Chemist: 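First, the structure itself, so that you have it in front of you.
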Amino acid sequence: MAERQPLSEQDRADLVAYLDGELKGEAARALQAKLQLHPEARAEAEALARTWDLLDYLPRAEPSPAFTERTLSRLVVPTRRLTTTRRRPWLWGALWAAGLLAAFACGLAGYNLLAPRRPPEVRENPDQQFLDRLPAAVRDKVKDLPPEQRREAIGQLREEERRNIEQWKRWSHTTLQPAAAPAGKPPASAKNPPRK
Amino acid sequence: VAATSETSRQLALRDPDVRLMLRVRDDEAGAFEELVAQFQHRLVAVMHHLIGNADEAEDLAQEVFLRVYRARKKYHPRCKFSTWLFTIANNLALNTLRSRQRKPVVPLPAADSGPLGPRPAEQLVPDRGSGPMQRVQRQELAAVVRRALETLNERQRMAVVLNKFEDMNYAEIAEVMGLTVKAVKSLLSRARMNLRAALVNYIYMDGEPVPEAPAE
């Protein structure tokens with residue numbers, strides 16, 4: 001009787017491969033010889049084969065009759081989701097642009113409605129604009145004049161203003177030069193220029 | 001590139017499933033439906049063996065088909081179509097099993113196991129008598145084998161299922177699982193030893209003497 005030898009891990013791997021038809025050539029012949037010589041190896045091979053056969057007791061699950069239909073119906077959902085995802089960046093961009101445009105329009109409308117505005121007679125009347133620049137005491141006196149005299153007074157004041165400006169220019173030309181001698185006195189009329 | 005293209009063409013000529021998948025890739029009407037109809041039985045069965053729950057197996061099989069459809073435009077045949085299909089199934093099933101390990105699901109007791117759950121192994125006396133008894137015994141044995149399969153880790157289980165129920169050889173299993181052939185040989189060897197240990201009380205129920213267990 002052959003001597004009992006425990007099977008090594010490699011022997012068992014070869015044995016399983018042999019049972020699976022995966023051991024070829026010399027390795028297969030060597031294992032066949034070992035099986036003939038060693039009853040424990042034969043017993044092991046028998047047990048492994050029987051164990052493998054027990055797996056046949058596992059029931060084989062079958063798909064439900066509607067499997068194909070349900071699988072195909074699931075194809076629609078990801079496609080729709082993908083389409084929506086692709087559309088989103090464009091949609092969000094458009095929404096942002098529309099929002100910005102609406103905010104700009106609201107700002108403009110609010111400014112036009114709420115900003116302080118001068119009455120049209122002021123905006124369109126240069127005499128009135130000139131009067132507004134004058135000191136209050138002078139302005140009130142001119143305003144109280146009859147229209148004809150008021151126009152005349154305004155004309156004189158404009159002329160006075162023009163002369164004053166000419167004097168300031170001359171004074172600044174002679175006095176405010178970089179290398180000029182000590183600054184001279186400004187003209188007396190320049191001390192009280194019309195209010196800007 | 002030319003060699004790869006030629007290999008693909010030859011594979012397509014040899015494997016009708018590759019030709020069908022190429023029709024799916026080209027958006028030919030009805031091709032995907034044909035593909036689903038053709039592979040649903042194998043895929044659901046494999047998923048059921050791996051996951052152990054019929055409803056979940058069907059959901060996962062559907063997800064595999066959806067992934068195939070989404071990846072159709074990138075499909076270039078480099079192997080048998082079924083190998084590519086089961087590679088996708090393998091990735092999905094392993095992810096599911098690993099996620100289940102992190103968040104264990106409590107299985108509902110089988111309806112035929114009684115209020116105390118599965119019966120102990122010693123109650124499984126072999127019975128060659130009446131039909132109903134044989135049926136019950138068969139169902140109980142199926143539950144035992146199911147539990148034995150669940151003692152394997154997910155990679156061993158996948159290798160066993162592909163080898164046993166898909167008749168895949170070691171090279172095909174290696175391709176599906178991204179392993180070497182040597183690693184598959186080792187994986188299957190350990191898996192079968194574990195199954196043998198788990199089922200040792202059921203191997204010799206026909207009265208034959210049980211041989212002594214091998215020394216570890």
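Just so it is clear, the values below take in all heavy atoms, side chains as well, and ignore hydrogens, waters and symmetry mates. Below, read A as the first sequence line, B as the second, and so on, with proteins coming before strands; counting in each chain starts at 1. Since the structure is predicted, the reported quantities are computational estimates derived from the model, not experimental observations.
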Chemist: Considering only heavy atoms and a distance below 4.5 Å, find which of A:Gly21, A:Ala17, A:Ala41 pairs most often with chain B.
Modeler: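 Option with the top pair count is A:Ala17.
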Chemist: Is the closest basic N to carboxylate O distance between B:Arg138 and A:Asp56 below 4.0 Å?
Modeler: no
Chemist: Counting only N and O atoms by type, is there a donor-acceptor contact under 3.5 Å from the side chain of A:Asp53 to the main-chain atoms of A:Arg50?
Modeler: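 Flag not set: sc A:Asp53 to bb A:Arg50 has no pair under 3.5 Å.
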Chemist: Look at A:Arg163 together with A:Glu160 and state whether they make a salt bridge at an N to O cut-off of under 4.0 Å.
Modeler: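 So A:Arg163 pairs with A:Glu160 through a salt bridge.
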Chemist: Going by an N to O cut-off under 4.0 Å, is there a salt bridge joining B:Arg147 and B:Glu150?
Modeler: no
Chemist: Can you check side chain to side chain contact (heavy atoms under 4.5 Å, CB included) on A:Gln167 and A:Asn164, steps first, answer last?
Modeler: CA-CA 5 Å; A:Gln167 283 181 351; A:Asn164 281 339; 3.9 Å; yes
Chemist: Is it true that A:Arg150 and A:Asp144 make a salt bridge, defined as a side-chain N closer than 4.0 Å to a carboxylate O?
Modeler: no
Chemist: Does any non-hydrogen side-chain atom of B:Leu35 lie less than 4.5 Å from one of B:Leu85?
Modeler: no
Chemist: Flag the pair A:Arg42 and A:Glu46 as a salt bridge only when some basic side-chain nitrogen lies within less than 4.0 angstrom of an acidic carboxylate oxygen.
Modeler: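 Looking at A:Arg42 and A:Glu46, the cut-off is not met.
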Chemist: Does the B:Arg23 side chain pair with the main chain of B:Ala31, one donor and one acceptor, at a distance under 3.5 Å?
Modeler: no
Chemist: So which bits of residues 162-175 of chain B come within less than 4.5 Å of chain A, counting non-hydrogen atoms only?
Modeler: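 Under the 4.5 Å heavy-atom cut-off, B:Asn163, B:Lys164, B:Phe165, B:Asn169, B:Tyr170 qualify.
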Chemist: Filter on ring pair (Phe, Tyr, Trp, His ring centres under 6.0 Å), then keep only pairs touching residues 127-166 of chain A, sequence neighbours left out; what's left?
Modeler: none
Chemist: Sort A:Leu72 into side chain, backbone, both or neither according to what part of it lies under 4.5 angstrom from a heavy atom of chain B.
Modeler: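 The side chain, not the backbone.
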Chemist: Which region of A:Glu69, side chain (C-beta onward) or backbone (N, CA, C, O), has a non-hydrogen atom less than 4.5 Å from a non-hydrogen atom of chain B, or is it both or neither?
Modeler: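 For A:Glu69, no heavy atom lies under 4.5 Å from chain B.
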Chemist: Are B:Thr87 and B:Asn90 linked by a side-chain donor-acceptor pair shorter than 3.5 Å?
Modeler: no
Chemist: Would you mind telling me which of B:Glu63, B:Gln62, B:His48 has the largest number of heavy-atom pairs within less than 4.5 Å of chain A?
Modeler: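 Maximum pair count with chain A is reached by B:Gln62.
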Chemist: Can you confirm whether B:Lys73 is buried at NZ, in the sense that more than 12 heavy atoms of other residues, nucleotides or ligands lie under 6.0 Å from that atom?
Modeler: yes
Chemist: Can you list the residues of residues 37-47 of chain B that sit under 4.5 Å from chain A, counting heavy atoms only?
Modeler: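 Hits under 4.5 Å: B:Ala37, B:Gln40, B:His41, B:Arg42, B:Val44, B:Ala45.
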Chemist: Examine distances only and state if a side-chain atom of B:Ser186 and a backbone atom of B:Lys182 form a donor-acceptor pair shorter than 3.5 Å.
Modeler: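 Side chain of B:Ser186 to backbone of B:Lys182, a donor-acceptor pair under 3.5 Å: no, none is there.
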Chemist: Go through the atoms of B:Ala61 and report whether side chain, backbone, both or neither lie under 4.5 Å from a heavy atom of chain A.
Modeler: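 Looking at B:Ala61, backbone and side chain both touch chain A.
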Chemist: Could you please state which residues from residues 22-32 of chain A sit under 4.5 angstrom from chain B, measuring non-hydrogen atom to non-hydrogen atom, sorted by number, or 'none'?
Modeler: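 The stretch touches chain B at A:Glu22, A:Leu23.
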Chemist: Ignoring hydrogens and geometry, is there a side-chain-to-backbone donor-acceptor pair from B:Arg196 to A:Leu48 under 3.5 Å?
Modeler: no
Chemist: Sort A:Leu15 into side chain, backbone, both or neither according to what part of it lies under 4.5 angstrom from a heavy atom of chain B.
Modeler: neither
Chemist: Short question: side chain of A:Ser172, backbone of A:Trp168 - any donor-acceptor pair under 3.5 Å?
Modeler: yes
Chemist: Indicate yes or no: at least one non-hydrogen side-chain atom of A:Arg162 is less than 4.5 angstrom from one of A:Glu159.
Modeler: yes
Chemist: Given the options B:Arg190, B:Arg146, B:Glu33, which has more heavy-atom pairs under 4.5 Å with chain A than any of the others?
Modeler: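 The residue among B:Arg190, B:Arg146, B:Glu33 with the greatest pair count is B:Glu33.
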